[in-house]
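Taking it in order: structure first as structure tokens, then the write-up.
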Amino acid sequence: MSDAFLSDRVLGIQPSPSIAANALVARLRAEGRDIVNFTVGEPDLDTPAHINQAAIAALQAGDTHYTGTSGTPALRQAIVDKLARDNGLQYGLDEVIAGSGGKHIIYHALAATLNAGDEVVVHTPYWVSYPDIALLNQATPVIIPGDESLGFKLTPEALEQAITARTKWVILNSPNNPSGAVYSEAQLLALAQVLRRHPQVLVMSDEIYEHFVFDGARHLSLINVAPDLKARTLIVNGASKGYAMTGWRLGFGAGPAFLINAIAKLISQTTTCPTSISQAAAVAAFSGDQAPIAAMRALYSERRGRMLAHLGGIEGVRCVPPEGAFYVFANVAGLLGKRTPAGATLGSDSDVVAYLLNETGVAVVAGAAYGMSPYIRLSFASGLEVIDEGCQRLKRAVDRLR
Ligand code: PLP
């Protein structure tokens, strides 16, 4: 048996680079290496206790069976209420669906709508999975290059140029992973003006980091500024980041009923429904005490400040302060062309990543994974002492370059 048995679709994609980076860290640690892990794409914090309690109560009540494909009525109601409370958006029960993570919703939404040759517009730096999920569904990712001097934000001009008669989806992600860009009302409005000119295009608004915005930035959904686009926009969100629930695998989509029904149809043939216990936990997350979110936001804000302060003192590394999410997307152009103590020349961000890992045990992800080089992504979803240690190592490694 060999790869010759695999489908063209699977051979045409790569494993998720961020998951691969984490797996590498786990392997190196198992081999006894002392690694500071800045690759993590998830909160290091525990799921709040009242959410865990709701899951335990569900287990004890025998809530361990299949649920409806779109999620329990209680969870869908909690999602509808959450969208009204946090986002000022009104959705009906038939316009929301729970899935096994936001990624699951994104996958099923694209699989439910794409035909061979359709185009999916994505801009760099992008979350690693969008282009590969488009490719898996025989579509063509159309990649708009980002621009650091514009805060890594998609401009209306670039969007207009990228849209063709074959465009099926435009994917927006604010707050953005990896750049931390958060779109303002004016920026969203300008993008909405372009989208209004192309009624054949569906819009995905990935808002999974909505709760983590800093320095006075405010999260807005595209639908807040352009309610007329609601009929063709899918909001993707979930419990993973905001409630420190990545392992529960619980996300949701909110959008027009035809799309939600299509996603449900597909889920009925793939995973059947999200885990019943996770759904009970998510009801508590979305409907219960929201105070833990503010506490997490304050913590991330402090960590962000600490990481930016460290990186600001490293020559050759430059950062646009992220307005949201929990990553710094740092420009490492100033390190390229330098020689390592072993005599190698750093020629790319992947070389920088390998050098940092080998030289100092600091793990970061190369910008290439997000379609934009030469950058590295550093997660600040870890304790201040970890941030201090990792950044000090990073500085020592950079100081050794000639
Ligand atoms: N969207 C973005 C931008 C992400 O960074 C992630 C996870 O890293 C997801 C979606 C998917 O999250 P989940 O499947 O855990 O809900």
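Hydrogens, waters and symmetry mates play no part in the numbers below; they use all other heavy atoms, side chains included. Read the numbers this way: they start at 1 and go in the same order the structure lists the ligands and their atoms.
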Distance filter under 4.0 Å to N173 heavy atoms, resulting ligand 1 atoms = 3 (C)
When you measure from atom 12 (O) of ligand 1 to every protein heavy atom, which one gives the shortest distance, and what is it?
-> I208 CD1, 4.0 Å
N or O contact, R249 vs ligand 1, cut-off under 3.5 Å | yes
Can F38 and Y327 be said to form a ring pair (Phe, Tyr, Trp, His ring centres under 6.0 Å), step by step?
-> CA-CA 9 Å; F38 285 156; Y327 312 99; over 10 Å; no
Which atoms of ligand 1 sit under 4.0 Å from any heavy atom of Y209?
-> 3 (C), 4 (C), 5 (O), 8 (O)
E42 contact mode with ligand 1 (heavy-atom cut-off under 4.0 Å) | neither
Contact partition for H104 relative to ligand 1, non-hydrogen atoms under 4.0 Å | neither
Could you give the side-chain donor-acceptor pairs of residues 127-146 under 3.5 Å, partners two or more places apart or in another chain?
{"from": "Y130", "atom 1": "OH", "to": "D206", "atom 2": "OD2", "distance (Å)": "2.6"}
{"from": "D132", "atom 1": "OD2", "to": "Q14", "atom 2": "NE2", "distance (Å)": "3.4"}
{"from": "N137", "atom 1": "ND2", "to": "I133", "atom 2": "O", "distance (Å)": "2.9"}

Starting from atom 5 (O) of ligand 1, which protein heavy atom do you reach first, and at what distance in Å?
-> N177 ND2, 2.7 Å
Any atoms of ligand 1 less than 4.0 Å from a non-hydrogen atom of G101? List them with their elements.
-> 14 (O), 16 (O)
Does the pair E148 and K153 meet the rule for a salt bridge (charged side-chain N to carboxylate O under 4.0 Å, His left out), with working shown?
-> CA-CA 8 Å; E148 180 182 337; K153 288 178 190 171; over 6 Å; no
Parallel, tilted or perpendicular, as decided by the 30° and 60° cut-offs, for the rings of H211 and Y243 | perpendicular
Shortest heavy-atom approach to atom 2 (C) of ligand 1 - which of I105, D206, I106, N237 = D206
Against heavy atoms of S240, which atoms of ligand 1 measure under 4.0 Å?
-> 13 (P), 15 (O), 16 (O)
Give the residue and atom name of whichever protein heavy atom lies nearest to atom 16 (O) of ligand 1, and the separation in Å to one decimal.
-> G102 N, 2.6 Å
Compute the minimum heavy-atom distance from G251 to ligand 1 and say whether it is under 4.0 Å.
-> no
